[in-house]
Undergrad: 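One structure coming up, written as structure tokens, with questions to follow.
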Number of protein chains: 2
Amino acid sequence: MQPDPLYARLKAQILREIVSGNWPPGRRVPSENELTRQHGVSRMTANRALRELTSEGRLVRLRGSGTFVAEPAPSSDLLVIRNIAEEIRARGHRHEARVRRLRREPLPPDLVPRFALAEGAAAFHSLIVHLENGRPIQFEDRWVDPAMAPGYLENDFTRITPHEFLSRVAPLSRAEHVVEALLPPTHVRAWLDMGGTEPALRLERRTWSGERVVSRALLWHPGSRYRLGAAIGLDIDRAGSKQP
Amino acid sequence: MQPDPLYARLKAQILREIVSGNWPPGRRVPSENELTRQHGVSRMTANRALRELTSEGRLVRLRGSGTFVAEPAPSSDLLVIRNIAEEIRARGHRHEARVRRLRREPLPPDLVPRFALAEGAAAFHSLIVHLENGRPIQFEDRWVDPAMAPGYLENDFTRITPHEFLSRVAPLSRAEHVVEALLPPTHVRAWLDMGGTEPALRLERRTWSGERVVSRALLWHPGSRYRLGAAIGLDIDRAGSKQP
DNA sequence: CTCCCCAAGTTGTATATACAACATGGAAGC
DNA sequence: GCTTCCATGTTGTATATACAACTTGGGGAG
């Protein structure tokens, strides 16, 4: 079809110099006017190429000084964590939820440091089993600050997940996740229909809206039936529910 | 100091309409020429505002039709996965690596579907134990395509991690991660100094450079000593190594 | 030697203008 | 009624031009 636009071609050329190692981090890149002369493009075209590479983290620009190759970003990767109902549905499977508890209870002492609430203060507590095609796959144990989600107990959590409800009433400003491999307590084993020595994958999730903690959830999964993760561009079938 | 530039002010106004719900997903946004007339800016300024909001995922633009508010991103969260050496060092702890194997071997049959290599083709295989303050915390079992990293076997992996080396010689274009809770095989237990029923957290990682798979790593961690994850803005101490 | 000023160069924003490539709706023709 | 064509409108790229805000280095004055 179309050849690439000029600004995109210029971006690609600059990126080649960087990736090849010819222009290491800190190296000064030709100025807009130099690129204009060298490549026979307008200054606005050169500006756009450099500006986009800057917004992509490849370059650093200093007004009056020039444009420099950026330090490489730290090598880290991202793993996507999805709401269990969405995940199951994305696999073309049936999601169901069984609500085992949904009531106001005093906040246990070990959770006090997790919330902006005093010991014994009333909090909402829900225990929900999520099933995929009739098989338990996640046991959700969640505590919620009533001030942040006053209507929490009025919900039918067989129709909407707590995650979805909370996302709506208390927009997420921050989240924390920790993943562990553990031997679960016996009540979790019973809810998830797990054998005696089977490990569980536990995801702990805490969310904030503004500066205040909204909820703390422990999400337990049977190691034999669940895996966590999705690749960038990967088939969804590889993640989540293990093959039978 | 400076008032915001015109394009930034226009961006902010459009974003306000979106965030407030006045302009829901799918809603048509005023065209560049309409914004030019309504706001008394040049068309290039309007174009820049709309273009940047588009690259930020807020708008969708169709040549000839117009500009529309984008659907909100699916509710998902991101978990950061870091190179084990960086992670340990970030905690102010000492990272060491013990190389238990580093050689060319025929690719096992179960890995053939994972690489663009034929069964029995030569591949690089490394087994490395990573220690934190002298305690084993990760057992890394990695296979590498020799065509993608020809110098792999020449490295001293007590000084640089395979992850770091591969990131340099074969720039990452794609990555896949899957996290599982498993009972590890006995050789993994031995390397990681784990008890008989203790679960392991296993991270499987595969990376591509361009269209070709570079490496497949299984990263085993003792469930009692390692947790995976970091919050956005959280204290690093909460993640990775469990408190003694 | 230090400080100040100025010239040259660089990035940053804004506008006007032009042409290209596409979408859409209405009108005309069959 | 269906198809084709055309006018209008929209996005996409490119250029020339202008002014602003900053950096840097060199030279001159005290």
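In the text below, chain A, chain B and the rest are named by the order of the sequence lines, each starting its count at 1. Just so you know, these numbers use all the heavy atoms, side chains as well, and skip hydrogens, waters and symmetry mates.
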Undergrad: Can you tell which of D:dT13, D:dT23, D:dT11 lies closest to the side chain of A:Tyr7?
TA: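 Ranking D:dT13, D:dT23, D:dT11 by closest atom to the A:Tyr7 side chain puts D:dT13 first.
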Undergrad: Where do B:Ser31 and B:Arg28 come nearest, in terms of heavy atoms and distance?
TA: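 Here B:Ser31 and B:Arg28 meet closest at CB-NH2, 3.9 Å.
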Undergrad: If you take all heavy atoms of B:Val213 and B:Arg114, which pair is closest and at what distance?
TA: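 The answer is CG2-O, 3.3 Å.
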Undergrad: Given atom CG of A:Leu62 and atom C1' of C:dT10, what is their separation to the nearest angstrom?
TA: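 Distance, rounded to whole Å: 10 Å.
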Undergrad: By nearest nucleotide on DNA chain C, pick out whichever of A:Thr67 and B:Gly40 is the more 5' one.
TA: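 Per heavy-atom nearest nucleotide, the more 5' residue is A:Thr67.
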Undergrad: Which nucleotide in the list C:dT13, C:dT11, D:dT15 gets nearest to the side chain of B:Pro5?
TA: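 Selected nucleotide: C:dT13.
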Undergrad: Name the closest nucleotide to the B:Glu32 side chain, picking from C:dT10, D:dT11, C:dA16.
TA: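 Looking only at side-chain atoms, B:Glu32 lies closest to D:dT11.
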Undergrad: Take the protein atom CG of A:Asn47 and the nucleotide atom C1' of C:dA14, then report the distance between them rounded to whole Å.
TA: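 The answer, rounded to whole Å, is 12 Å.
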Undergrad: Please tell me if B:Arg61 has a side-chain N or O lying less than 4.0 Å from either OP1 or OP2 of D:dG12.
TA: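 Affirmative; the distance criterion is met.
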Undergrad: Is any side-chain N or O of A:Ser65 closer than 4.0 Å to OP1 or OP2 of D:dT24?
TA: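 Yes, because at least one side-chain N or O of A:Ser65 sits under 4.0 Å from OP1 or OP2 of D:dT24.
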Undergrad: Using a distance-only test with no angle check, is there a side-chain donor-acceptor pair under 3.5 angstrom linking B:Ser215 and B:Tyr152?
TA: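 Their side chains do not contain a donor-acceptor pair, so the 3.5 Å distance test is not met.
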Undergrad: Nearest to the side chain of A:Val41, heavy atoms from C-beta on, is which of D:dT10, D:dT15, C:dT24?
TA: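 Output: D:dT15.
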Undergrad: Any side-chain heavy atom of B:Lys11 within less than 4.5 Å of one from B:Arg58?
TA: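 In short, these two side chains do not touch, never coming nearer than 4.5 Å.
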Undergrad: Return the 5'-most residue of the pair B:Arg51, B:Arg28 with respect to DNA chain D, ranking by each residue's nearest nucleotide.
TA: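 Taking each residue's closest nucleotide, the earlier one in sequence belongs to B:Arg28.
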Undergrad: Compare every heavy atom of B:Trp143 with every heavy atom of B:Leu107, then report the nearest pair and how far apart it is.
TA: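 Between these two residues, the closest heavy atoms are CD1-CE3, 3.9 Å.
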Undergrad: If you look at every strand shown and take non-hydrogen atoms under 4.0 Å, does A:Leu50 touch a base, only sugar-phosphate, or nothing?
TA: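 Counting heavy atoms under 4.0 Å across all strands, no contact is made by A:Leu50.
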Undergrad: Could you state the CZ-P distance from B:Arg63 to D:dT11, rounded to the nearest angstrom?
TA: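 Interatomic distance, CZ of B:Arg63 to P of D:dT11: 11 Å.
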Undergrad: Just the rounded figure in Å: distance from P of D:dT10 to CZ of B:Phe68.
TA: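 In whole Å, D:dT10 P lies 11 Å from B:Phe68 CZ.
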Undergrad: Nearest-Å distance, CG (A:Leu10) to C1' (D:dT15)?
TA: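 Interatomic distance, CG of A:Leu10 to C1' of D:dT15: 15 Å.
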Undergrad: State which of D:dA14, C:dT13, C:dC19 makes the closest approach to the side chain of B:Arg43.
TA: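 Nucleotide nearest to B:Arg43's side chain: C:dC19.
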Undergrad: Using atom CG of A:Leu35 as one end and atom P of C:dT11 as the other, report the distance to the nearest whole Å.
TA: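 Taking CG of A:Leu35 and P of C:dT11, I get 8 Å after rounding.
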Undergrad: Is any side-chain heavy atom of B:Gln138 closer than 4.5 Å to a side-chain heavy atom of B:Tyr226?
TA: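 B:Gln138 does not reach B:Tyr226 side chain to side chain.
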Undergrad: Can you figure out which of C:dA23, C:dT11, D:dA14 approaches the side chain of A:Thr45 most closely?
TA: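 Looking only at heavy atoms from C-beta outward on A:Thr45, the closest nucleotide is D:dA14.
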Undergrad: Side chain of B:Ser42, heavy atoms from C-beta onward: which of C:dT10, D:dA16, C:dA16 has the nearest atom to it?
TA: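 Looking only at side-chain atoms, B:Ser42 lies closest to C:dA16.
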Undergrad: Tell me: CG of A:Leu6 to P of D:dG12, nearest whole Å?
TA: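 It is 17 Å, rounded to the nearest whole Å.
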Undergrad: What's the closest nucleotide to the B:Met44 side chain, out of C:dG12, D:dG12, C:dT15?
TA: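 The closest nucleotide is C:dT15.
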Undergrad: From the options C:dT10, D:dA14, C:dA14, select the nucleotide whose nearest atom is closest to the side chain of A:Glu34.
TA: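 Of all the options, the side chain of A:Glu34 is nearest to C:dT10.
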Undergrad: Can you tell me how far C1' of C:dG12 sits from CZ of A:Arg48, to the nearest Å?
TA: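 The distance from CZ of A:Arg48 to C1' of C:dG12 comes to 16 Å, rounded to the nearest Å.
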